[in-house]
S.K.: 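One structure follows; several queries about it will come next.
Numbering of ligands and ligand atoms starts at 1, following listing order.
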Amino acid sequence: MTNILAIESSCDETSAAVISNGQIRSNIVATQVIHQKYGGVVPELASRAHQQHILPVVEKALEDAKISKKDLNAIAFTRGPGLLGALLVGASFAKALALGLDIPLIEVHHMQAHVLAHFIEEPRPSFPFLCLTVSGGHTQIVLIRSALDMEIIGETQDDAVGEAFDKTAKLLGLPYPGGPLVDKYAQLGDPLAFPFPMSEMPALNYSFSGIKTSILYFLQEKVKHNPDFVIENLNDICASVQYTLIKMLLQKLRKAAKQTGISEIAIAGGVSANSGLRKALHELGDKEGWKVYIPRFEYCTDNAAMIAMAAHFKYENEDFCEQTVSPLPRMDF
Ligand code: KG4
Ligand code: ZN
């Protein structure tokens, strides 16, 4: 039996998971609520909260998995991308534990792990497949040839789609992280109430900075004439913005599927928790004859189970790293 402990600390979730022979045995996530009052993640506070959470989170993950430290065969951690101070906490903890137990260390790429979350449970996609990876920091179309062979074939040239959701929420006076709230109100609104322009980017690339600005100008103009505009139209604004963002995401995904001839299509990352996106992807998949893969909610947002899954594949390949490895806030595939 191969047991791996995995640690995720790239942003504002401290998480630990245990995987045994490719099966997730535990997955503990401590979300940092402290950032809410600042309207966004404060890096210094994130590292401090990771320091406070990491030991109890790891202990609970081992306890839930009914595994003792001496039964571990490797320790995995998120090397990047993410906030440097936050990554350092997970990396240092993982290194110290691996050194103390004299077992191998495995570094994991956070975005690759989001993709590999699809291998936690059935149904698992077959290779090659395309994955639309959408989070607070990334928007990418990834071509996956095998678990450890991935290529980004399209991505945002500026903001991530998660940022567009969060920024919209902020403009509407909603607390951070706003994405799930925009999703909630959008379900009650009319997606065609207010048309927002879609940015046109070449090839398979995206841009989300323009729509953020048009939402700002739109709201400023409307509020000038009616100070209660946001309160009176919250559901319709959220539905219209979400509709436009989803349309932009799926347009390029459809283009990528046509270009590559691939019909196994997955989504991953925090924004894949969006109910409108999940529904629209299923509908488009039916129309296009795709096989669509959408992870369970708990495996969409940041979690260590996905880091553990990626580590499982790396362990099988004996892809270990040195103790001297440092975290990378920006990290290539
Ligand atoms: O993958 P993730 O947990 O962290 C990063 O690696 O960034 O993604 C977080 C992002 C945030 O922008 C959050 O607002 C967004 O995912 N998000 C959502 C939903 N749930 C999380 N956006 C839209 N609808 C949701 N239901
Ligand atoms: Zn993430």
S.K.: In ligand 1, which numbered atoms sit nearer than 4.0 Å to a non-hydrogen atom of His110?
M.R.: 6 (O)

S.K.: Which one of Val271, Asn303, Leu277 has a non-hydrogen atom at the shortest distance from atom 15 (C) of ligand 1?
M.R.: Val271

S.K.: Tell me which protein heavy atom sits closest to atom 26 (N) of ligand 1, plus the residue, atom name and distance to 0.1 Å.
M.R.: Asp183 OD2, 2.9 Å

S.K.: Assess, by modelled atom type and distance only, whether the side chains of Asn303 and Glu13 contain a donor and an acceptor separated by less than 3.5 Å.
M.R.: no

S.K.: What protein heavy atom sits nearest atom 24 (N) of ligand 1, and how far off is it?
M.R.: Asn274 ND2, 3.0 Å

S.K.: Tell me, please: is Pro180 in heavy-atom contact with ligand 1, that is, under 4.0 Å?
M.R.: yes

S.K.: Considering only heavy atoms of Thr301, which atoms of ligand 1 have at least one such atom less than 4.0 Å away?
M.R.: 3 (O)

S.K.: Kindly confirm or rule out a cation-pi arrangement of Arg278 over Phe297, judged by NZ or CZ under 6.0 Å from the six-membered ring centre and within 45° of its axis?
M.R.: yes

S.K.: Among Ile54, Leu88, Thr14, which residue satisfies the side-chain contact (heavy atoms from CB on, under 4.5 Å) criterion with Phe93?
M.R.: Ile54

S.K.: With a 6.0 Å cut-off on the ring centroids, do Tyr176 and His35 count as close?
M.R.: no

S.K.: Which of the atoms of ligand 1 are close to Ala273, meaning less than 4.0 Å from one of its heavy atoms?
M.R.: 20 (N), 26 (N)

S.K.: Starting from atom 17 (N) of ligand 1, locate the nearest protein heavy atom and write down its residue, its atom name and how far away it is, to 0.1 Å.
M.R.: Gly270 O, 3.6 Å

S.K.: At the Zn ion (ligand 2), what angle lies between atom OD1 of Asp302 and atom NE2 of His114, rounded to 10 degrees?
M.R.: 100°

S.K.: Taking the minimum heavy-atom distance to atom 7 (O) of ligand 1, which of Gly162, Gly136, Gly179, Ala268 ranks first?
M.R.: Gly136

S.K.: Are Phe119 and Phe313 close enough that their ring centres sit under 6.0 Å apart?
M.R.: yes

S.K.: Of Asp166, Asp302, Val41, which has the heavy atom at the shortest distance from atom 2 (P) of ligand 1?
M.R.: Asp302

S.K.: Compute whether any side-chain donor of one residue and acceptor of the other, for Glu8 and Thr78, lie under 3.5 angstrom apart.
M.R.: yes

S.K.: Do any nitrogen or oxygen atoms of Gly178 come within less than 3.5 Å of a nitrogen or oxygen of ligand 1?
M.R.: no

S.K.: Assess Met111 for proximity to ligand 1: is some non-hydrogen atom of it under 4.0 Å away?
M.R.: no

S.K.: Looking at the rings of Phe208 and Phe165, which for Trp means the six-membered one, are their centres under 6.0 Å apart?
M.R.: no

S.K.: State whether the shortest distance between N or O atoms of Glu163 and N or O atoms of ligand 1 falls below 3.5 angstrom.
M.R.: no

S.K.: Short list, please: which atoms of ligand 1 are under 4.0 Å from a heavy atom of Gly137?
M.R.: 7 (O)

S.K.: Any N/O/S atom from His110 (main chain or side chain) under 2.8 Å of the Zn ion (ligand 2)?
M.R.: yes

S.K.: I want to check something: taking the side chain as every heavy atom from C-beta on, are His114 and Met306 in contact at a cut-off of under 4.5 Å?
M.R.: yes

S.K.: Tell me the contacting part of His138 for ligand 1: side chain, backbone, both, or neither, using a 4.0 Å heavy-atom threshold, strictly below.
M.R.: neither

S.K.: Could you go through the side-chain hydrogen bond (donor to acceptor under 3.5 Å, both in side chains) check for His110 and Asp302 one step at a time?
M.R.: CA-CA 9 Å; His110 181 86; Asp302 289 349; 3.1 Å; yes

S.K.: Centre-to-centre under 6.0 Å for Tyr293 and Tyr299, is that the case here?
M.R.: no

S.K.: Could you state whether Met198 and Ile237 fall into the same hydrophobic cluster, counting links through intermediate Ile, Leu, Val, Met, Phe, Trp or Tyr residues with side-chain heavy atoms under 4.5 angstrom apart?
M.R.: yes

S.K.: Regarding ligand 1, does Glu13 bring an N or O atom to under 3.5 Å of one of the ligand's N or O atoms?
M.R.: no

